[in-house]
Each structure stands twice: as structure tokens, then as C-alpha cells.
Q: 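Take a look at the following structure, please.
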Amino acid sequence: MLLSYREALNQAMREEMRRDSRIFLIGEEVGYYQGAFKVTKGFVEEFGPQRVVDTPITEAGFTGLAIGAAMAGLHPIVELMTMNFGIVALDQIVNNAAKIRYMSGGQLSVPLVIRGPGSAAHQLGAQHSQSLEAWFCHVPGLKVVAPSTPQDAKGLLKSAIRDQNPVIFIEAQLLYGTKGEVTEGEYTIPLGQAEVKRTGMDVTLVAYSKMLLVALEAAEQLSREGLDVEVIDPRTLKPLDLDTIVTSVKKTGRVVIVEEGWRFCGLGAQIADSIYTAAFDYLDGPIVRVTGEDVPMPYSRPLEDAAIPDVPRVVAAVKSACGVA
Amino acid sequence: MADMDRDDLLSLYRQMLLIRRFEEKSAEMYALAKIAGFLHLYIGEEAIAVGAIAALRPDDYVISAYRDHGHCLARGSDPGKVMAELFGKATGLCQGKGGSMHLVDLAKRFMGGYAIVGGHIPLATGLAFASKYQKQDLVTVCFFGEGAVPSGQAHEAFNLAALWKLPVIFICENNRYGMGTPVQRAVALYENVAEAARSYGIAAERVDGMDVLAVRDVMRKVVDQVRAGQGPYFIEAMTYRFMGHSMADPSHGHYRTKDEVAEHRKRDPLVVLKETMLNQVHCSEADFKELEREVGDLVTAAVKFADESPFPDPASLYTDVMAED
Ligand SMILES: Cc1ncc(C[n+]2csc(CCOP(=O)(O)OP(=O)(O)O)c2C)c(N)n1
Ligand SMILES: [Mg+2]
């Protein structure tokens, strides 16, 4: 069935909440407003305000509350209106959610999903346009998921909700309205499995979330110019499915990694390091990265466009990786 | 008591009218896609910025949240440069890098608009700390919505301001909603949000935020006290947002009724002041016509300036990321 990314997320949570009454949703405007981006449309009507909890603007407070509730056996889904506001809750996420199992010697667990949109939309300015996945991936104790399609969004969110760990689930404002085929009925997609989104022989292009769409478009364009590009979406950023990527690299010998986040200490640097360690001998040239520019996101349109990877930049990077002009 | 000088009242009215017409024009420009991103209008709340800032010296500090056009214009910023910033142009206050939510005009001591709710309140205490430290007799005025009051950052800032007797005036613009959440569902002591400050020993009072003279009267008294070193003060200005939360939100939404909005519009701050002027200082309709014409010309000129200005050069993407050595 054809669903939007937004509807797919809505279905995933709805199905899981029907299945398990320990699951509740908490965040700003999730209830009566129907979600800041209307992801939780109809939830408060179906599940009531006990399970669909509107909060004051207190990210640290309600994230901490959810962590406590998870320690006591509930399965909270925390909606951050955007991932940018997760910074306000970062102490709770890093110092509590990620470490409580470890520090307690495995006595406690924090089954929790923290979800919301990351990355830039259109001209929302520096405080509302950040791609912070590398921050979360850095922290032992967290899983990080960033689906690009409705099918993946639904299947991965269901798995994230069933997971016994804190999972940071990163969506994207510009993906909410995108549509795609979604399997009818019950299914899940395991965390930690990449997917080959397009097969090719010449070069491996790794991209996730919104950048997957840019990568696919670039691959399409390159195919008309005679380059056969394999596109891989890790889908789960941590734990990373390196095997799928390395299998592809062994076939193609060339790699380009695309991410919207900042270059310095970005996720692509880690993925490149992992590939170099696992498959250096198979590489025919250096790995090329396409990233966001290392600046706070400017508001002005031409500057914002200059700061975010786009199809021409990915095309150029793939060509340079393949040594064609 | 309010002093009833004709020119004085004309000047207050003119400032509120400028904000009103400027923002109505911004909404139009948004519909034409000249302005993008988030645009939060201050329409209905003008009396607070104008009344409060009228009680300040030009060297006092003003800082605000993302609903900041009113504060910036009341501080005396050039409407053309403000509009150019909303357009993302190189001639904007921040050369297009800030946008609507992040206006800054250092020359006017307008220290910025900030888009992480609660996040700028500690900055205000810092400005006040600096002026106390440097033995300057400055006050800092910090505007925020009632939705920021429950945030942890607000509370930490209140405590520090009280602890160190900092010369800061917290002005809570209680427009009764944070996005779609009414204050009753966000603040425990919603009937008296100033208790949040009182609990730290900060003196507080409530004022009719639709009455520019009332706001200025309270502020004159408070500014003197705070400037004299008596520590911070909290003012709860009761107001109402006539438009939606941002351009993405219709003017009444699901969370309030048309009737409720209409009821509050009866106490439009422009109407309230106009009645006083017609009745008490012998202003005539002709005076208002003249003001409309003058302000209309200013706004038209601002749009023309913004429209004719160039977009920033993409080469400026990396300027001002770091201080130059
Ligand atoms: C930390 C944080 N959480 C959430 C948001 C999203 N958000 C933007 S404005 C807003 C409501 C704020 O209400 P209030 O403080 O009353 O100000 P008003 O918009 O009414 O002027 C919310 C939830 C944000 N910008 N920052
Ligand atoms: Mg409010």
C-alpha cells in the first residue's frame, strides 16, 4: 500500500501501542495538537491522554521522566519536536539513558525510543537545522536509526519500540510527506541491517535518511553517463552493518559516503575508517566524502543551498572517486 | 500614573503601528515566498515591547525569543534592514545568516532573538552579570513566553539572578498559549506564573499587556529599582496572540475557537491606546490617518529595500564562523 513516511510512523506506533499497554507516548504537542508535524494524528483520540502525554517545554524533564518510567518497566516513546531540542535533554540521554544498564551491572534496563526529525528543512536557521546523529552515535549504550523510506520507517520503528535499549530514531521534516510502498500487515525490520537500495558494479555510494534520496538521484544521473552505482542505506547507524558495505566494496573497489551533517568528526569519517580497516586491500582509490559544510546553518537561501550536499556535488564526488572528469 | 502628553502618545502609537503594519506585510511576503522558514508574528502583543522598551535607556540590553520582530523594531532598528534579514538578503541586520528568529542589532543593544525555548534566559542573566561586574548601571530586559517558564533553564537563570542580585528584568509575555498548549496544561501554577520567580525571592507583578501605558508605568518603576541595584524583577504581561503560532499554524487552529480570538481582539492594544488618545489628548482621526500614511510609506520602503537588495555571495558561507586572528 502507498503510504507517506508520516503515515508509516503513525501506523508503527499505533500497532505497537495496541499490542502492548506498557508503551506510551510523551512529548510536546503530541496529543491535542496531533504532533508538531502531525505524526501522531488521532492518537489522543484512540489512546487517551494517559498514554498520549502532552508536556510543557521541558525536554530534560520529560526525557528524564521517560527514562525513569522505562527503568520501572514501561516502554516510553519520547517525541522530540525536533532533534535540535534533544540537545536540551542531552544530559539525560548521555548520562542516564545510555549508561544506566552498564552502571547497574545489567540490573536496570531502559527500553526507550527517542524520536523526532533531524537535519535541515527549508531555511529554518542555525538552531533548527542540525544533523546531530554523529553525537548520538559516539555514545556507547545508544542505538541510532535513521530511515529514509516509509517502508523502512515503519519496520524499523516497530523494532526500535521492541528493543530493550535506548534507541535514538532520527526522522526528517522533508521526508514526512514522501510516499512509498509499504508492506501490508505486520512486519518488522531488524535494527543493524543495511539495505542495498540500488545495485551497481562501479562504485559504492553510502547514504542515509534524506541524503539517500539525493544519492539515488545522483546514481540515476550517473547511469546515463555510463557509471553503474551501487547505493547502500545503512538504515541503522549504530550498530552499523559493515558487512553489507564491505561486500559491496569488494565488488566495486570505490566508495563515496554522503551525509548532511558537518564534515569534521562526521559519521562518514567513522564509516570510512571502518571500511579502511576491514577492506583496505580491496580499494582502488581513496574514499570520498560529501558532507554538509562546517558552518552553523545560514538562513539565507543561497547560503543554505551552498551548505547542504546536493545531486551535482554527489555526482562530482562519484566521478572523482572513479577517476573520470 | 500615565502621563498624558499628546506627542508622547502619538509616538507610542506610531511604534506599535509600525510593528503591526510591518508584520502584516511580512505575512504577505511570506505568502509570496519572499520570506521562508519560520515566521512568528507578534500581532496583538505590541504593547509589551513598545511599553517596556520605552522605559529603557539606549545602552540597556534587550534580548528575546524567536517572536522578535516587535522587540527589534521597538528598539529602533531600521525596518529596511529587518525586512532584508527576513528576505535573507546581504543587507539584512545579520547579512541573511540569522533570519526572522535570530535578529540581532548590536548598535541598538538588541542582543538577539533565540529559538530554543528557555535557552536565552541564562544569556540574559549573563548580560546582567557583565554589567554588574563592570560596574555599569545597565539593566537587561529579557522577553520570553509563558511556555518558557517551566523550562529548567529558566529556573536556573532565576535562581542565579536572585542569588547574585543581577540587574535583569524578566518579562513573561503570557499570551496564554505555547503553540497549541494553553497555559493551564503547561504551567502548574498557571493562574500566577510569576510564582516561578517569587519562589526564588524575585519580586514580581502582573500587568495588562494590552495597555502600553500600563506596561510603561510598571517598567519605569521597576527599571529604577533594578538599576539601583535591588536585584531582578519578574513582570507577567497578560496578552494574546491574534495570529497562529507561526505561519504554519492557522489563526485559531484546533486548540482555540474563533470566538475566543475575536473576544481578545476587542482589546487590541492599538484600539486601547487609540481610545485614550481620542478621549484624553484631543487626537483626531486625521492624526491617525497621517500616522497610517507615514508608517505605510516606511513599510513600503522597507520591502522595496529588501526586494532590491542582493542575496549574499555564496563566498560568505564561511565568513564569521570563527573570529579572525
Ligand atoms: C527547547 C525547545 N523546545 C521546543 C521548541 C518548539 N517550540 C517553539 S515555540 C514553542 C512554544 C513556545 O511558547 P511560549 O514560550 O509561550 O511563546 P509564544 O510562542 O507563545 O510567544 C515551542 C514548543 C523550541 N523552539 N525549543
Ligand atoms: Mg505563549
Side-chain angles (χ1 to χ4, degrees), chain A residues 27-38 41 44-45 49 53-64 80-82 84-89 91-92 120-130 173 262 264 292-308, chain B residues 33 35-38 66 84-90 92 94-102 113-119 145-155 178-183 185-188 245 248-249 253-255 310-322:
Chain A
E28 292 156 13
E29 310 289 356
V30 294
Y32 295 101
Y33 197 79
Q34 314 282 303
F37 298 100
K38 309 296 175 225
K41 195 163 164 220
V44 72
E45 290 79 2
V53 185
D54 278 327
T55 67
I57 308 166
T58 49
E59 287 81 3
F62 67 73
T63 303
L80 291 173
M81 192 177 277
T82 78
N84 304 284
F85 314 142
I87 299 174
V88 181
D91 173 56
Q92 288 297 333
H122 289 305
Q123 290 188 267
L124 302 185
Q127 293 185 326
H128 278 72
S129 306
Q130 303 170 93
Q173 281 178 57
W262 295 303
F264 195 84
E293 298 293 323
D294 279 332
V295 299
M297 189 65 74
Y299 163 75
S300 184
R301 187 63 192 257
L303 295 184
E304 187 184 60
D305 287 345
I308 301 174
Chain B
I35 298 173
F38 287 127
Y66 46 85
E85 187 62 31
L86 305 191
F87 276 49
K89 295 299 183 75
C94 309
Q95 284 130 52
K97 288 196 170 126
S100 161
M101 304 194 290
H102 306 299
Y114 296 86
I116 302 299
V117 171
E146 84 296 333
V149 171
S151 82
Q153 308 212 53
H155 282 261
M179 288 184 73
T181 302
V183 60
R185 293 206 291 118
V187 184
H245 168 70
D249 181 35
H254 288 297
Y255 53 85
F311 278 109
D313 183 341
S316 70
L317 184 61
Y318 274 89
T319 55
D320 298 320
V321 176
M322 309 294 290

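Side chains included, hydrogens not; waters and symmetry mates left out as well; all remaining heavy atoms used. Fair warning: this is a prediction, and the values are worked out from it, not measured in the lab. The chains referred to below are lettered A, B, ... by the order of the sequence lines, with proteins before strands, and numbering in each begins at 1.
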Q: Identify the heavy atoms of Gly37(B) and Leu124(A) that sit nearest to each other, and give their distance.
A: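 Reported closest heavy-atom pair: CA-CD2, 3.6 Å.
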Q: Among Gly99(B), Ser151(B), Ala36(B), who wins on heavy-atom pairs under 4.5 Å with chain A?
A: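 Answer, by heavy-atom pair count under 4.5 Å with chain A: Ala36(B).
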Q: So which part of His122(A) gets closer than 4.5 Å to some heavy atom of chain B, the side chain, the backbone, both or neither?
A: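 Only the backbone of His122(A) comes within 4.5 Å of chain B.
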Q: How long is the gap from NE2 on His128(A) to CE on Met101(B), to the nearest 0.5 Å?
A: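 The NE2 atom of His128(A) sits 4.5 Å away from the CE atom of Met101(B).
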Q: Do other residues, nucleotides or ligands put more than 12 heavy atoms under 6.0 Å from the NZ atom of Lys38(A)?
A: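 Yes, the 6.0 Å shell around NZ holds more than 12 heavy atoms from other groups.
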Q: Would you check if Tyr33(A) and Tyr255(B) make a side-chain contact, meaning some heavy-atom pair closer than 4.5 Å?
A: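 Yes, their side chains come closer than 4.5 Å.
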Q: Of all heavy-atom pairs between Ile57(A) and Gly147(B), which one has the smallest distance, and what is that distance?
A: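 Heavy-atom minimum between the residues: CD1-O, 3.4 Å.
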Q: Less than 6.0 angstrom separating the ring centers of His102(B) and Tyr299(A), yes or no?
A: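 Centroid distance His102(B)-Tyr299(A): not below 6.0 Å, so no.
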Q: Please classify the contact of Tyr318(B) with chain A as side chain, backbone, both or neither, using a heavy-atom distance under 4.5 Å.
A: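 Contact with chain A involves both backbone and side-chain atoms of Tyr318(B).
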Q: Does any heavy atom of chain B fall under 4.5 Å from the side chain of Asp294(A), the backbone, both, or neither of them?
A: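 Both parts, backbone and side chain.
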Q: Could you have a look at Thr58(A), Thr82(A), Val295(A) and say which one has the most heavy-atom pairs with chain B under 4.5 angstrom?
A: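 That would be Val295(A).
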Q: Quick check on Asp320(B) against chain A: is it the side chain, the backbone, both or neither that has a heavy atom closer than 4.5 Å?
A: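 Interface part for Asp320(B): neither.
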Q: Is the shortest heavy-atom distance from the side chain of Val88(A) to the side chain of Gln153(B) under 4.5 Å?
A: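 The answer is yes; the side chains approach within 4.5 Å.
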Q: With only heavy atoms counted, which part of Met179(B) is less than 4.5 Å from chain A, the side chain, the backbone, both or neither?
A: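 Backbone plus side chain of Met179(B), per the 4.5 Å heavy-atom cut-off to chain A.
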Q: So which of Val321(B), Asp313(B), Val149(B) has the biggest tally of heavy-atom pairs under 4.5 Å with chain A?
A: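 Greatest number of close heavy-atom pairs with chain A: Val321(B).
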Q: With rounding to the nearest 0.5 angstrom, report the CG to CD distance, Leu317(B) to Glu304(A).
A: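 The CD atom of Glu304(A) is 10.5 Å from CG of Leu317(B), to the nearest 0.5 Å.
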Q: Taking the side chain as everything from C-beta on, heavy atoms only, tell me whether Thr181(B) gets closer than 4.5 Å to Glu28(A).
A: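 Thr181(B) does not reach Glu28(A) side chain to side chain.
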Q: Does any donor atom in the side chain of Gln127(A) or Tyr114(B) lie under 3.5 Å from an acceptor atom in the other side chain?
A: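 There is no such pair between these side chains.
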Q: For the residue pair Ser316(B) and Leu303(A), what are the closest heavy atoms and their distance?
A: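 Scanning both residues, the minimum pair turns out to be OG-CD2, 3.5 Å.
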Q: Between Ala307(A) and chain B, with a heavy-atom cut-off of 4.5 Å, which part of the residue counts as in contact: side chain, backbone, both or neither?
A: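 Ala307(A) touches chain B through backbone and side-chain heavy atoms alike.
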Q: Would you mind telling me which of Pro302(A), Ala126(A), Ala306(A) has the largest number of heavy-atom pairs within less than 4.5 Å of chain B?
A: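 Option with the greatest count: Pro302(A).
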